[in-house]
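So the structure is just underneath, and the comments pick up after that.
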Amino acid sequence: MNLVSTITSPPSSKFTLDEWHLNNQFRQRCAQAQQERADRILIEAKRMCESVAGIVKTNKEETEHQLREKLNDIEFREKELLLIRKDIALEIDGLLTYKQRIANTLTSVKRNSLAICEKCLAAREHRLGIDLVHDDVEKELLKEREMIQEAENLLARVLEEICEEIRKMKATLYCIDNDYENKECNLHIDRRNVALKETDFNLNTCIQSTLHPDTSMTMNEWEQQTDNNVIDANKQMNGAKQLRSYIDMIIKQTIDGLNGQKDATNKAFKRRIEQTQEAKTKLELQHSEIVKQIAAMSDNITQIKNSIADKEGYMALVNTRLGSRCQRPETEVTRDLAEANLVKEIYVLRKIVATLQQMLCEAETSLRYLFKTQVQLEEDINVKTNSLHIDDVKCMILRQSMDYYAH
């Protein structure tokens, strides 16, 4: 009789003794098999738990080691970023200082020196007569104005360059700050991860299937990102330092050139003032001599007129004597020496009076020319006085406030 069929067959109301023994033996064998299987499972489970505990512990320690290594990397990168950020911030401050220097220099050139130069040129247009000449002062002033305008254009271009450099440096600083903030966030997260224990509460039991596949990057890319930021920052700082050196050179050359031209213009003014003063002094001396000459000529004319008047008396005396002698009796009318002398005397007197009349005419003509010369000299002196007032007073006082600076 089959055991399976016996077990599965519908039970009869009573079993035999053999069936009872057989059933007990079967139950013992099944229990023994289950015990042996359970023993194997217990041993395997114990071995597995011990083995898994070691693996998990090893993996956890390895992960924590890698996290600490990553923290060290991040901290190193942070220090590197902080150092480069400090250098960039200092360089930006330096550029801002240089920007102000350029702005100050541009202001001194544009609002101060150019305005003074233009005022000097405008003032010298009010010179009079012959003094309205294209002299060395005007040449130097025109040259000075051209140099000031060129310096203004150059400084304006340099100001644009330094503003653009500051913008680039600030953009670089933004990238550095953004990278540093990301590192700081990463550092905060991984420090928290290192501090976590498997026994802590509120641990996340949800298994992450992916780790940001669209945004994740390799370690090389991660390192290269910071390296690129540092390299770009160093390039920008080197460019900024070169620009500051260039600005130092430009400011020095510009101010030296403008100061040199200012000195040249001032020297031209000084020479022209000395020339004008010398000419004015000579004119004043000539005017003084002319005044004396006019006085002398006036006295001379008076003397000539008096001399002519005096000769008219002699002429009348001779004519009277000749007339009287014409009344002599016929036998007494002779051409004697007295009559010869009277005739000679009247001839001489007429000649003397004619000479005196001619001399009087020449003297009066000379006096008129002397008066005209006096007026001309006075006009020239006024012209020179006006020129001296423009150059020595107006222009030179204006130019005393001409100053080139780059504080």
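Keep in mind the model is a prediction, meaning the values are calculated, not measured.
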Intermediate values then yes/no, side chain to side chain contact (heavy atoms under 4.5 Å, CB included), M297 and Y369: CA-CA 11 Å; M297 189 59 69; Y369 279 115; over 6 Å; no

Whether over 12 other heavy atoms sit under 6.0 Å from L42 CG: yes

Trace of the salt bridge (charged side-chain N to carboxylate O under 4.0 Å, His left out) decision for K143 with E138: CA-CA 8 Å; K143 183 179 178 182; E138 186 171 348; over 6 Å; no

Single hit among K139, Q149, R399, K262 for side chain to side chain donor-acceptor pair (under 3.5 Å) with E144: R399

R244 atom CZ: more than 12 heavy-atom contacts under 6.0 Å: yes

Any donor-acceptor pair under 3.5 Å from S51 side chain to R47 backbone: no

Over all atoms of both residues, closest heavy-atom pair of A268 and E140: CB-CG, 3.9 Å

Check against side chain to side chain contact (heavy atoms under 4.5 Å, CB included), N386 and D131: CA-CA 9 Å; N386 178 69; D131 276 20; over 6 Å; no

Donor-acceptor pair, side chain of R191 and main chain of H188, under 3.5 angstrom: no

Spacing of I247 atom CD1 and Q242 atom CD [to the nearest 0.5 Å]: 12.0 Å

Side chain to side chain contact (heavy atoms under 4.5 Å, CB included) between W20 and N24, worked out: CA-CA 6 Å; W20 180 81; N24 287 336; 3.2 Å; yes

Side-chain donor-acceptor pair present, R368, T365, cut-off under 3.5 Å: yes

Backbone N/O of Y174 and side chain of N178: donor-acceptor pair under 3.5 Å: no

CA sep, side-chain torsions, deciding dist, call: D391, R272, salt bridge (charged side-chain N to carboxylate O under 4.0 Å, His left out): CA-CA 8 Å; D391 286 349; R272 187 59 179 165; 5.2 Å; no

Using a 3.5 Å cut-off and no angle test, enumerate the donor-acceptor pairs between side-chain atoms of residues 281-288 and protein atoms at least two apart in sequence or in another chain.
residue, atom, partner, partner atom, Å
T281, OG1, Q277, O, 2.8
E284, OE2, K280, NZ, 2.5
H287, NE2, E378, OE2, 2.9

From CA spacing to verdict: side chain to side chain contact (heavy atoms under 4.5 Å, CB included), M237, M169: CA-CA 8 Å; M237 284 193 297; M169 291 294 291; 3.8 Å; yes

Given K305, Q303, K311, the one that forms side chain to side chain donor-acceptor pair (under 3.5 Å) with S307: K311

Heavy-atom closest contact (S108 atom, T105 atom, distance): OG-O, 2.7 Å

Exam field: side chain N112 to backbone S401, donor-acceptor pair closer than 3.5 Å: yes

Give every donor-acceptor pair under 3.5 Å between a side-chain atom in residues 155-164 and any protein atom, sequence neighbours left out.
residue, atom, partner, partner atom, Å
E164, OE1, R167, NE, 3.3
E164, OE2, R167, NE, 3.3
E164, OE2, R167, NH2, 2.7

Close side-chain approach of L370 to Q374, heavy-atom, < 4.5 Å: no

Heavy atoms of other groups near M396 CE, more than 12 under 6.0 Å: yes

Cation-aromatic face contact R101/Y98, 6.0 Å, 45 degrees: yes

Set of residues satisfying side chain to side chain contact (heavy atoms under 4.5 Å, CB included) with respect to E362, sequence neighbours excluded: Q358

Enclosure of K60 NZ (heavy-atom neighbours >12, cutoff 6.0 Å): yes

Stepwise salt bridge (charged side-chain N to carboxylate O under 4.0 Å, His left out) test for K267 and D263: CA-CA 6 Å; K267 288 178 181 178; D263 292 340; over 6 Å; no

Steps toward salt bridge (charged side-chain N to carboxylate O under 4.0 Å, His left out) verdict (D227, R77): CA-CA 9 Å; D227 288 341; R77 292 293 181 174; 2.6 Å; yes

Student check: side-chain heavy atoms of E312 and V353 closer than 4.5 Å: no

Validation row: N319, Y314 side chains within 4.5 angstrom (heavy atoms): no

